Amino acid sequence: MAPRIALVPDPHGPGGRLQPLDDAGTPLGPPATAPDLAAAVAAAERDGTVRWVWAAADSAYAPLLPRLPDRLARCHDLRLVEALLLAHEGRFGAPRSLGAAWARLHGLPVPPDLPEPGSAESDDGQDTLFAPDRLQLPPGADPLAAVVAVHAEQQRRLTAIRDDGARARFRLLVAAESAGALVAAEMAYDGLPWRADIHDRLLTELLGPRPGVPGSRPRILADLAAELQQALGGRPFNPDSHTQVLRAFADRGIQLGSTRSWELKGVDHPAARLLVRYKELSRIHTAHGWAWQDAWARGGRFRPEYVVGGVVSGRWASRGGGALQIPRILRRAVVADPGWLLVVADAAQLEPRVLAALSQDAGLARTAAGGDLYEALAASAFHGDRDKAKLGLLGAMYGQTSGDIGPLLNTLRHRYPAAMGYVEAAARTGEDGGVVASRLGRVCPPPSADWLDLTEAAETAGDAGGRSARARGRFTRNFVIQASAADWALALLAALRRRLAALPVAGPADRPHLVFFQHDEVVVHTPANLADEVAVAVAAAADEARLLVFGDTPVRFPLTTAVVDCYADAK
DNA sequence: AGACCCGGCGCC
DNA sequence: AAAGGGCGCCGGGTCT
């Protein structure tokens with residue numbers, strides 16, 4: 001059995017072509033043509049040791065999913081790996097399509113990446129329906145040969161990383177990012193269980209009945225708007241308009257710097273309270289109301305599109321539906337199917353633990369060896385004041401200098417010199433125009449040309465350039481932590497997916513599966529009788545991720561795990 | 001009418 | 001003095 005098989009679906013039809021490869025990417029025998037690609041893939045997958053090599057999961061895996069009897073175990077996603085490699089090689093942001101990588105390999109002009117479907121630049125025409133067209137290969141080029149060649153080149157570039165440890169970690173990143181592509185495609189296909197009836201009831205309680213005329217304000221919102229108008233003297237204004245709101249308050253002698261709710265909460269006037277309430281409800285109505293339900297949550301499932309590596313730090317992004325910003329109150333609508341349960345697990349205080357592991361600060365690691373990190377930090381350095389401990393550490397990780405946190409930072413610097421030195425070195429690198437990397441080797445973007453102009457001009461005067469340099473320092477300071485946390489989360493996801501696939505089930509339809517992933521939190525939808533085993537699998541996956549990403553560290557990454565019927569009951 | 005930016009706020 | 005990192009999405013507002 002070949003360890004790797006390159007796979008290219010036919011653009012129109014169920015067939016495709018396959019090419020067995022060795023681990024270096026060298027073809028083992030001739031390519032094969034399959035009239036039914038799903039059947040051929042399923043047959044080759046039997047023992048679960050194949051690593052499938054494809055141009056991109058959205059064109060190769062997503063169309064296959066409905067026709068596969070079970071999920072695939074492993075893949076190498078050329079587009080995602082190309083982006084990782086380019087950044088690592090100092091070519092951040094170069095086009096990453098199969099065609100672009102192929103063109104670079106042959107010294108030909110490199111085609112730009114096509115805009116994502118659904119984005120502003122995309123015409124969303126028919127051509128986007130045929131995913132292979134997005135690969136940007138020149139006419140006449142053989143897609144299978146291109147996949148084989150680009151994969152071999154990527155393997156070569158991986159081998160070229162000199163340092164053994166760095167190479168091993170980067171390979172782990174490549175595998176974890178690719179596993180993410182599998183998870184993202186599967187979660188988009190399966191969807192998050194979503195009870196439209198409960199969602200509807202919640203909306204009705206909060207906003208009033210669904211308006212008959214789409215686009216008009218539901219009753220409670222309309223009432224609030226009217227009350228607000230009365231409270232500010234009765235002259236009509238649109239509460240959705242920032243400028244009109246500022247003017248309406250100013251007319252009553254209340255000068256606001258903005259209409260942000262934290263500022264309104266400090267204003268002692270009935271209108272301020274009404275406006276805060278209006279904004280809260282209006283947000284739910286416009287962002288996750290009935291229109292959202294019609295567009296995204298039909299047939300009992302919410303189906304967003306996840307974008308693996310969509311954030312430079314390696315966090316995922318989403319396209320459409322605001323999948324990663326579901327208001328907590330609406331988690332009430334996420335309910336397991338009858339006979340099924342949700343296992344909800346989130347990493348407790350992930351980022352400070354990542355800082356402890358990255359910096360190998362012995363003192364901070366001791367606070368991160370057990371339960372509540374902030375509690376331990378408070379006990380050892382802040383006279384038991386947990387709030388101060390948390391504020392100080394978050395400020396250190398985000399580069400905050402405002403408020404009263406100066407003394408807190410000084411305490412941290414004194415007690416945890418290695419940890420503070422780590423983030424401060426990252427900040428200095430950024431301020432100087434350098435790049436930093438995550439634990440596994442994901443490299444941050446370099447400064448823009450604008451940034452370089454701005455900071456050079458600032459050599460003589462500390463103005464916009466100095467501000468810009470400090471902003472970049474905050475970015476790189478946070479990047480090392482956020483991106484290393486994303487490394488860990490991806491490793492967790494990959495390990496968990498593998499463990500779920502190994503659970504004994506009667507058939508694929510009874511298999512526990514991931515339905516949600518949000519930075520440091522996972523939700524698994526599982527038959528009720530397997531829920532305890534899933535909870536064990538999540539904990540084991542978290543510890544496996546710790547070992548893989550950070551090696552021998554005393555830092556622990558505990559999860560808060562809940563087995564629930566409804567997502568809202570998890571916290 | 002459509003492109004674009006901004007303020008604001010949801011999530012981590 | 002300056003003043004917390006990363007996103008996506010909405011409506012308003014402005015420009016073309």
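Please read all numbers here as calculations on a predicted model, not as lab measurements. The sequence lines fix the lettering, A, B, ..., with proteins before strands; numbering per chain opens at 1.
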Provide, to the nearest angstrom, the distance between the [atom1] atom belonging to [X] and the [atom2] atom belonging to [N].
{"X": "A/W292", "N": "C/dG11", "atom1": "CH2", "atom2": "C1'", "value": "19 Å"}
{"X": "A/E351", "N": "C/dC7", "atom1": "CD", "atom2": "P", "value": "13 Å"}
{"X": "A/W296", "N": "B/dG10", "atom1": "CH2", "atom2": "P", "value": "21 Å"}
{"X": "A/R247", "N": "C/dG13", "atom1": "CZ", "atom2": "C1'", "value": "12 Å"}
{"X": "A/Q325", "N": "B/dG8", "atom1": "CD", "atom2": "P", "value": "18 Å"}
{"X": "A/R472", "N": "C/dA2", "atom1": "CZ", "atom2": "P", "value": "22 Å"}
{"X": "A/L330", "N": "B/dC11", "atom1": "CG", "atom2": "C1'", "value": "12 Å"}
{"X": "A/D240", "N": "C/dG13", "atom1": "CG", "atom2": "P", "value": "9 Å"}

With the side chain of [X] defined as its heavy atoms from C-beta on, choose the nearest nucleotide among [options].
{"X": "A/Q244", "options": "C/dG4, C/dG11, C/dG13", "value": "C/dG13"}
{"X": "A/E521", "options": "B/dC12, B/dC9, B/dG10", "value": "B/dC12"}
{"X": "A/T259", "options": "B/dC12, C/dA3, B/dG8", "value": "B/dG8"}
{"X": "A/N238", "options": "C/dG12, B/dG8, B/dG10", "value": "C/dG12"}
{"X": "A/Q518", "options": "C/dG5, B/dC11, C/dA2", "value": "B/dC11"}
{"X": "A/V311", "options": "C/dG11, B/dC12, C/dC7", "value": "C/dC7"}
{"X": "A/R331", "options": "C/dG12, B/dC12, B/dG8", "value": "B/dC12"}

Where along residues 192-212 of chain A does a heavy atom come under 4.0 Å from DNA chain B, residue by residue in number order?
none
Nucleic acid contacts of residues 273-283 of chain A, taken as heavy-atom distances under 4.0 Å to DNA chain B:
A/K279, A/R283
Only one of A/W290, A/W292, A/F302 forms a ring-ring contact (aromatic ring centres under 6.0 Å, His included) with A/H199, so which one is it?
A/W292
By the 4.0 Å heavy-atom rule, please label A/G310 as base, sugar-phosphate, or nothing.
nothing
With heavy atoms under 4.0 Å as the rule, sort A/I481 into base, sugar-phosphate or nothing.
nothing
Does a side-chain N-to-carboxylate-O contact under 4.0 Å join A/D190 and A/R301?
no
Flag the pair A/D361 and A/R415 as a salt bridge only when some basic side-chain nitrogen lies within less than 4.0 angstrom of an acidic carboxylate oxygen.
no
Looking only at side-chain N and O atoms, does [X] come under 4.0 Å of OP1 or OP2 in [N]?
{"X": "A/S241", "N": "C/dG11", "result": "no"}
{"X": "A/R328", "N": "B/dC12", "result": "yes"}
{"X": "A/Q482", "N": "C/dC7", "result": "no"}
{"X": "A/S261", "N": "B/dG8", "result": "no"}
{"X": "A/H242", "N": "C/dG12", "result": "no"}
{"X": "A/T243", "N": "C/dG13", "result": "yes"}
{"X": "A/R315", "N": "C/dG6", "result": "no"}
{"X": "A/R260", "N": "B/dG8", "result": "yes"}

What do you reckon, do A/Y398 and the base of C/dG4 stack, with centroid distance below 5.5 Å and planes below 30°?
no
How far apart are the C-alpha atoms of A/D77 and A/R96, what are their side-chain angles, what is the distance that settles it, and do they pass the salt bridge (charged side-chain N to carboxylate O under 4.0 Å, His left out) test?
CA-CA 11 Å; A/D77 189 290; A/R96 61 192 66 173; over 6 Å; no
Donor-acceptor contact below 3.5 Å, side chain A/R439 vs main chain A/A357
no
For the side chain of A/D385 and the backbone of A/D387, is there at least one donor-acceptor N/O pair under 3.5 Å apart?
yes
Do the side chains of A/V435 and A/F479 get nearer than 4.5 Å, heavy atoms only?
no
Exactly one of A/D565, A/D569, A/D197 clears salt bridge (charged side-chain N to carboxylate O under 4.0 Å, His left out) with A/R332, and that residue is A/D569
Stepwise, does the salt bridge (charged side-chain N to carboxylate O under 4.0 Å, His left out) test hold for A/R546 with A/D543?
CA-CA 5 Å; A/R546 170 188 64 81; A/D543 207 49; 2.9 Å; yes
Within 45 degrees of the ring normal and closer than 6.0 Å to the centroid, is that where the cationic atom of A/R331 sits relative to A/Y567?
yes
